[in-house]
**Student:** 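This is the structure I want to talk about, given as structure tokens.
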Amino acid sequence: MKGAGGTSGGIGQFFIGLSMMCGGFYMLLNAIKVTSSFGFGSHLYQLGGFGLTSGMVMIPFMFGVGLMFYNAKNPLGWLLTFGSLVALIFGVISAINFRFSYMSAFDLIVILVLSIGGLGLFLRSLKNIEARYPDA
């Protein structure tokens with residue numbers, strides 16, 4: 001009978017490792033707090049002493065959309081439209097701040113043991129038993 005991943009590895013190790021890994025990564029992601037400094041007047045990019053805001057990125061976007069509607073084969077319209085969209089998306093992503101919530105050392109150790117130990121047990125279950133124990 002084939003086990004986890006089509007190998008002769010342990011199916012019990014697979015599910016125990018998977019549940020440990022899911023629990024640990026859930027606790028880890030639950031401990032991360034996400035905030036954003038994106039808003040009106042906030043700087044997306046800082047170029048020297050000049051701050052580029054989200055409204056300034058929308059100006060080339062509007063010109064690009066206008067050029068695209070006037071002539072769809074105009075490469076400048078496509079470049080302005082998608083270049084400003086990419087700049088806006090990267091600006092929003094770069095304005096996101098991640099921080100850990102306060103936790104005790106015991107909480108951190110439990111999170112690390114569950115997530116990394118579960119990952120190791122999960123990956124070990126995908127190996128062949130014959131490769132681990134040649135006499136079996």
Side-chain angles (χ1 to χ4, degrees):
M1 178 177 162
K2 293 290 184 183
T7 66
S8 60
I11 197 110
Q13 288 180 353
F14 177 82
F15 285 115
I16 291 171
L18 183 66
S19 62
M20 283 176 60
M21 187 173 52
C22 288
F25 285 132
Y26 171 77
M27 290 172 62
L28 178 68
L29 292 176
N30 199 29
I32 296 174
K33 304 300 177 204
V34 180
T35 59
S36 175
S37 60
F38 183 75
F40 291 115
S42 66
H43 297 291
L44 291 177
Y45 303 103
Q46 194 75 23
L47 303 171
F50 179 72
L52 188 63
T53 64
S54 60
M56 292 177 187
V57 172
M58 294 307 285
I59 293 171
F61 175 75
M62 290 186 301
F63 281 114
V65 168
L67 285 172
M68 281 176 50
F69 273 93
Y70 180 71
N71 181 9
K73 295 183 179 182
N74 189 353
L76 181 63
W78 287 93
L79 180 70
L80 285 174
T81 302
F82 288 108
S84 59
L85 279 179
V86 167
L88 186 65
I89 290 170
F90 280 125
V92 169
I93 290 173
S94 66
I96 294 174
N97 300 319
F98 296 98
R99 65 176 177 83
F100 276 108
S101 62
Y102 294 105
M103 66 178 76
S104 66
F106 178 75
D107 293 338
L108 182 62
I109 289 171
V110 167
I111 289 172
L112 293 176
V113 166
L114 282 176
S115 57
I116 304 303
L119 180 65
L121 196 61
F122 175 79
L123 291 176
R124 186 174 77 175
S125 73
L126 298 177
K127 288 174 40 179
N128 282 328
I129 291 177
E130 291 84 22
R132 285 185 273 165
Y133 306 107
D135 296 333

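Here the structure is a predicted model, which means the values were calculated and not measured. One is the number of the first residue; the rest follow in order along the sequence.
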**Student:** Can you tell me how far the CZ atom of F98 sits from the OG1 atom of T35, to the nearest 0.5 Å?
**Tutor:**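 It comes to 9.0 Å.
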**Student:** What distance do I59 atom CD1 and L80 atom CG have between them, rounded to the nearest 0.5 Å?
**Tutor:**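 With rounding to 0.5 Å, CD1 (I59) is 12.0 Å from CG (L80).
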**Student:** Taking side chain to side chain donor-acceptor pair (under 3.5 Å) as the definition, give me every residue that meets it alongside S101, ordered by chain and number, with sequence neighbours left out.
**Tutor:**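 S101: no side chain to side chain donor-acceptor pair (under 3.5 Å) contacts found.
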**Student:** State which residues pass side-chain contact (heavy atoms from CB on, under 4.5 Å) with I93; sequence neighbours excluded, sorted by chain then number.
**Tutor:** I89
**Student:** Could you list the residues that satisfy side-chain contact (heavy atoms from CB on, under 4.5 Å) with L114, not counting sequence neighbours?
**Tutor:** M20, M27, V110
**Student:** Grab the two heavy atoms, one from G17 and one from L121, that are nearest each other, plus how far apart they are.
**Tutor:** N-CD2, 3.8 Å
**Student:** Restricting to side-chain contact (heavy atoms from CB on, under 4.5 Å), what partner residues turn up for N30, sequence neighbours left out?
**Tutor:**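 Once residues adjacent in sequence are excluded, the partners of N30 under the side-chain contact (heavy atoms from CB on, under 4.5 Å) criterion are Y26.
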**Student:** Is L79 reachable from V65 through a run of I, L, V, M, F, W or Y residues, each pair having side-chain heavy atoms under 4.5 Å apart?
**Tutor:**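 No, no single cluster joins them.
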**Student:** Got a second to check how far F25's CZ is from I111's CD1, nearest 0.5 Å?
**Tutor:** 11.0 Å
**Student:** Got a sec, which residues hit side chain to side chain donor-acceptor pair (under 3.5 Å) with D107, two or more places apart in sequence or on another chain?
**Tutor:** S104
**Student:** Mind checking the CE-OG1 spacing from M62 to T81? Nearest 0.5 Å is all I need.
**Tutor:** 11.5 Å
**Student:** Output every pair passing ring-ring contact (aromatic ring centres under 6.0 Å, His included) with a member in residues 62-88, not counting sequence neighbours, ordered by first then second residue.
**Tutor:** W78-F82
**Student:** Can you list everything that forms a ring pair (Phe, Tyr, Trp, His ring centres under 6.0 Å) with F61? Sequence neighbours excluded, please.
**Tutor:**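 Once residues adjacent in sequence are excluded, F61 has no partner under the ring pair (Phe, Tyr, Trp, His ring centres under 6.0 Å) criterion.
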**Student:** Can you list the residues that meet the side-chain contact (heavy atoms from CB on, under 4.5 Å) rule with L108, with sequence neighbours excluded?
**Tutor:**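 If we apply the side-chain contact (heavy atoms from CB on, under 4.5 Å) test to L108, skipping adjacent residues, the hits are M103, L112.
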**Student:** Any chance you could measure L18, atom CG, to L119, atom CG, to the nearest 0.5 Å?
**Tutor:** 10.5 Å
**Student:** Does L29 share a hydrophobic cluster with M21, counting links as ILVMFWY side-chain heavy atoms below 4.5 Å and allowing steps through other members?
**Tutor:** yes
**Student:** If you group Ile, Leu, Val, Met, Phe, Trp and Tyr whenever their side-chain heavy atoms sit less than 4.5 Å apart, what else falls in with I109?
**Tutor:** V113
